[in-house]
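Okay, structure first, notes after.
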Amino acid sequence: MELPKPVRNLILIGFMGCGKSSVGREIARRGSFRFFDTDAIIRRKYGKSIPEIFSIWGETVFRDEEHSVLEGLRNTRGIILATGGGIVTQSRNLPLLRQLGVVVWLTADDRTLWLRVRQNPNRPLLQTDNPRETLRKLSSERAPIYQSIADLTVDSTGLSHAEVADKILDSLQDFTDS
Ligand code: S3P
């Protein structure tokens with residue numbers, strides 16, 4: 001399987017729990033593409049988990065690292081990139097994401113996102129008194145930003161990773177044909 005010719009890279013954006021990393025890995029596996037994940041690159045650099053990086057160095061350092069990862073990928077071609085859900089909160093990242101390739105916004109309804117993230121302590125921004133409300137607030141604040149840079153929007157609610165991957169690849173074909 002190949003990415004349609006005009007597609008430089010495939011960039012997955014969306015809120016925590018929408019499945020960017022799992023779906024990205026699935027697409028990469030199908031086409032033997034290289035897969036990158038901004039969170040994983042930062043975790044490896046620091047040898048720490050995301051919550052540890054937030055608590056030791058703070059969110060600002062994490063956001064600077066996210067930006068540097070995007071800068072470092074500027075010259076890539078043929079990769080699948082899963083991004084952290086907050087990457088769009090820095091406006092300096094938006095043109096970089098657009099330049100990198102076709103941007104796919106993976107969505108899911110808030111209930112689905114909540115069910116996917118609630119057991120997982122690895123999301124420092126959801127360590128609040130009312131994480132479900134925090135999720136609702138952040139996801140509604142960010143939705144217009146995701147939308148503003150997305151070439152394609154794919155809803156993953158109720159679908160397996162393989163089904164979402166199929167849906168993305170179908171939409172990608174339609175997108176490049178049109
Ligand atoms: C964040 C999302 C996380 C991670 C960090 C901050 C956010 O990535 O980058 O916890 O601000 O939404 P995932 O979207 O992969 O969970």
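Whatever order the structure lists them in is the order used to number ligands and atoms, beginning at 1. When reading the values below, keep in mind they use all heavy atoms of this one structure, side chains included, and skip hydrogens, waters and symmetry mates.
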Considering only NZ, NE, NH1 and NH2 on the basic side and carboxylate oxygens on the acidic side, decide whether D110 and K137 come within less than 4.0 Å. no
Looking at D39, which atoms of ligand 1 are within less than 4.0 Å of one of its heavy atoms? 3 (C), 4 (C), 8 (O), 9 (O), 13 (P), 15 (O)
Taking only non-hydrogen atoms of G86 and a 4.0 Å limit, the atoms of ligand 1 in range are 1 (C), 7 (C), 11 (O), 12 (O)
Under 4.0 Å to a heavy atom of R123 - the qualifying atoms of ligand 1, by number: 16 (O)
Check ion pair R30-D166 (N to O, under 4.0 angstrom): yes
Can you check which of M16, K20, R63 brings a heavy atom nearest to atom 6 (C) of ligand 1? R63
With no hydrogens and no angle check, just 3.5 Å: does a side-chain donor-acceptor pair link D174 and S171? no
Exercise: identify the closest heavy-atom pair between G84 and D39: CA-OD1, 3.9 Å
What atoms of ligand 1 come closer than 4.0 angstrom to any heavy atom of F62? 9 (O)
Between N130 and T128, is there a side-chain donor-acceptor contact under 3.5 Å, judged purely by atom types and distance? no
For ligand 1, which atoms, with element, lie under 4.0 Å from some heavy atom of I50? 5 (C), 10 (O)
Counting only N and O atoms by type, is there a donor-acceptor contact under 3.5 Å from the side chain of N9 to the main-chain atoms of T76? yes
Quick look: R142 vs ligand 1, heavy-atom contacts under 4.0 Å, and the answer is side chain
for atom 10 (O) of ligand 1, nearest protein heavy atom and its distance come out as P124 CD, 3.5 Å
Regarding S49 and E52, do their side chains bring together a donor and an acceptor under 3.5 Å, going by distance alone? yes
Taking only heavy atoms of L125, which atoms of ligand 1 are found under 4.0 Å from at least one of them? 7 (C), 11 (O)
So is there a nitrogen or oxygen of G17 less than 3.5 Å from a nitrogen or oxygen in ligand 1? no
